[in-house]
Q: 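Just passing along the structure, written as structure tokens.
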2 protein chains.
Amino acid sequence: MVVDGVAADDSVDRLFHALADATRRDILRRCVRGELSVSRLAEAYPMSFAAVQKHVAVLERAGLVVKERRGREQLVRTDPGAVDRARQALDELGTAWRGRVERMSRLLAQEADPDVNHPTEGQDR
Amino acid sequence: MVVDGVAADDSVDRLFHALADATRRDILRRCVRGELSVSRLAEAYPMSFAAVQKHVAVLERAGLVVKERRGREQLVRTDPGAVDRARQALDELGTAWRGRVERMSRLLAQEADPDVNHPTEGQDR
DNA sequence: CTAACGTACAACCAAATGGTTGTAGATGGG
DNA sequence: CCCATCTACAACCATTTGGTTGTACGTTAG
């Protein structure tokens, strides 16, 4: 079913992992407001240049930003499509959620038998 | 402001971190299809019971699932509101993407936590 | 050319992650 | 009651992560 939706699990891993850090999310926000060199970016945080460089690398591997050379600087800019991919990954969890929950509510609403409430032993045991 | 739900960046950290693992995402999908005990869940993965227990704990701390006791079993079930929170966190990044800088400033002001990073707003140097 | 700047990358370290095994406490069935 | 099951949790281990410093390299300014 979800043939390409889930795509590579790995890319979803990298996406969410990259987003799971406040510094990296902040970098994303800064780079939305305009391209910034890694040095300028690094000035904004209480950590070394190399540390920021690593954060940018994580964002880059996740496809959230791209780097573009300009002279001796490397400008970092967000990839607009990336958030959509993240949202899509969430959607796949979310739709399952809503669909099943909805279905379950209907079942619960129409049922009066307390014993029906054990869907855990569904198929394979 | 009503929007202070996002306030703690920690919760966003926990949310995305919990989602950044294929096993945990799979657990979520399974628990959407019906409540499962930790034991039944553990049977589905090539790892120990304790390992699955830890994954469930991560999901629980992120607010993605809740555990409910039934007899000697502990049933795991997804929290329907959780995905909405994740989506909301993404939306905040997404709106910035589209250039809503003013709106973002408010969010930045909220999320600026004393201990995480104090970015010193690089533009006023 | 030389010096300063911006970047890349390696080596290293502490702490967190993801896994293991083992032990112990509840609970339910026979 | 006794035993099997389910859960909780501690201790331990390997790997990854997030940070550091140091070094090397390309580029621009003077």
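A, B, ... follow the sequence lines: proteins, then strands. Residue 1 opens every chain.
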Q: If we check side chain to side chain contact (heavy atoms under 4.5 Å, CB included) with V65(B), which of these qualifies: D79(B), L75(B), V76(B)?
A: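 It is V76(B); the other options fail the test.
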Q: Between dT20(D) and S48(A), is there an OP1 or OP2 to side-chain N/O distance shorter than 4.0 Å?
A: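 For dT20(D), OP1/OP2 do have a side-chain N/O of S48(A) under 4.0 Å.
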Q: Indicate the atoms forming the closest heavy-atom contact of L19(B) with F16(A), along with that distance.
A: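 Closest heavy-atom pair between L19(B) and F16(A): O-CD1, 3.5 Å.
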Q: Which whole-number value in Å describes the distance from D10(B) CG to dA16(C) P?
A: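 So the two atoms are 13 Å apart, to the nearest Å.
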Q: Has R70(B) got a side-chain N or O lying under 4.0 Å from the OP1 or OP2 atom of dT27(C)?
A: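 It does not, given that no N or O in the side chain of R70(B) lies less than 4.0 Å from OP1 or OP2 of dT27(C).
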Q: Closest approach of H55(B) and T23(B), non-hydrogen atoms and distance?
A: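 Result for this residue pair: CD2-CG2, 3.9 Å.
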Q: How many whole angstroms separate atom CG of D21(B) from atom C1' of dT17(C)?
A: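 The answer, rounded to whole Å, is 10 Å.
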Q: Could you tell me which non-hydrogen atom of G63(B) sits nearest to which non-hydrogen atom of R85(B), and how far apart they are?
A: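 Taking G63(B) first and R85(B) second, the nearest heavy atoms are O-NH2, 3.1 Å.
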Q: Just the atom pairs and distances: protein N or O near nucleotides 8-12 of chain D's N or O, under 3.5 Å.
A:
residue	atom	partner	partner atom	Å
dA8(D)	OP1	Q74(B)	NE2	2.5
dA8(D)	OP2	Q53(B)	NE2	3.2
dA8(D)	N7	Q53(B)	OE1	3.4
dA8(D)	N7	Q53(B)	NE2	3.3

Q: Please find the pair of heavy atoms, one from D26(B) and one from Y45(B), that lie closest to each other, and give the distance.
A: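 Residues D26(B) and Y45(B), closest heavy atoms: OD2-OH, 2.5 Å.
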Q: May I have the distance from R61(A) (atom CZ) to dA8(C) (atom C1'), rounded to whole angstrom?
A: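 My rounded result for the distance is 14 Å.
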Q: Which atoms form the tightest heavy-atom contact between H17(B) and A20(A), and what is the distance?
A: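 Minimum heavy-atom separation between H17(B) and A20(A): N-CB, 3.3 Å.
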Q: Just compare dT5(D), dG19(C), dT21(D) and give me whichever is closest to any side-chain atom of R72(B).
A: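 Looking only at side-chain atoms, R72(B) lies closest to dT5(D).
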Q: Hey, is the side chain of S39(A) poking within less than 4.0 Å of OP1 or OP2 on dC5(C), counting only N and O atoms?
A: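 It does not, given that no N or O in the side chain of S39(A) lies less than 4.0 Å from OP1 or OP2 of dC5(C).
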Q: Whole-Å distance between dG19(C) C1' and M47(B) CE?
A: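 Spelled out: CE on M47(B) to C1' on dG19(C) is 8 Å.
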Q: Starting at atom NE2 of H55(B), determine the distance to atom C1' of dA16(C), rounded to an integer number of angstrom.
A: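 H55(B) atom NE2 is separated from dA16(C) atom C1' by 14 Å.
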Q: Between H17(B) and dA16(C), does any side-chain N or O lie under 4.0 Å from OP1 or OP2?
A: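 The answer is no; no side-chain N or O of H17(B) sits under 4.0 Å from OP1 or OP2.
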Q: Taking CZ from R14(B) and C1' from dT17(C), how many angstroms apart are they, rounded to a whole number?
A: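 Computing the R14(B):CZ to dT17(C):C1' distance gives 16 Å.
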Q: In whole Å, what is the span from the OH atom of Y45(A) to the P atom of dG18(D)?
A: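 My rounded result for the distance is 15 Å.
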Q: Identify the heavy atoms of V52(A) and A42(A) that sit nearest to each other, and give their distance.
A: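 Nearest heavy atoms, V52(A) then A42(A): CG2-CA, 3.7 Å.
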Q: Start at the 5' end of DNA chain D and walk down; is the nucleotide closest to G71(A) or to V58(A) reached first?
A: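 Nearest-nucleotide comparison on DNA chain D picks V58(A).
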Q: What is the nucleic acid contact for T23(B), judged by heavy atoms within less than 4.0 Å: base, sugar-phosphate only, or nothing?
A: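 Nothing: the residue T23(B), judged by heavy atoms under 4.0 Å, touches no strand.
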Q: Grab the CD-C1' distance between E68(B) and dT7(D) for me, whole Å please.
A: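 Result: 16 Å.
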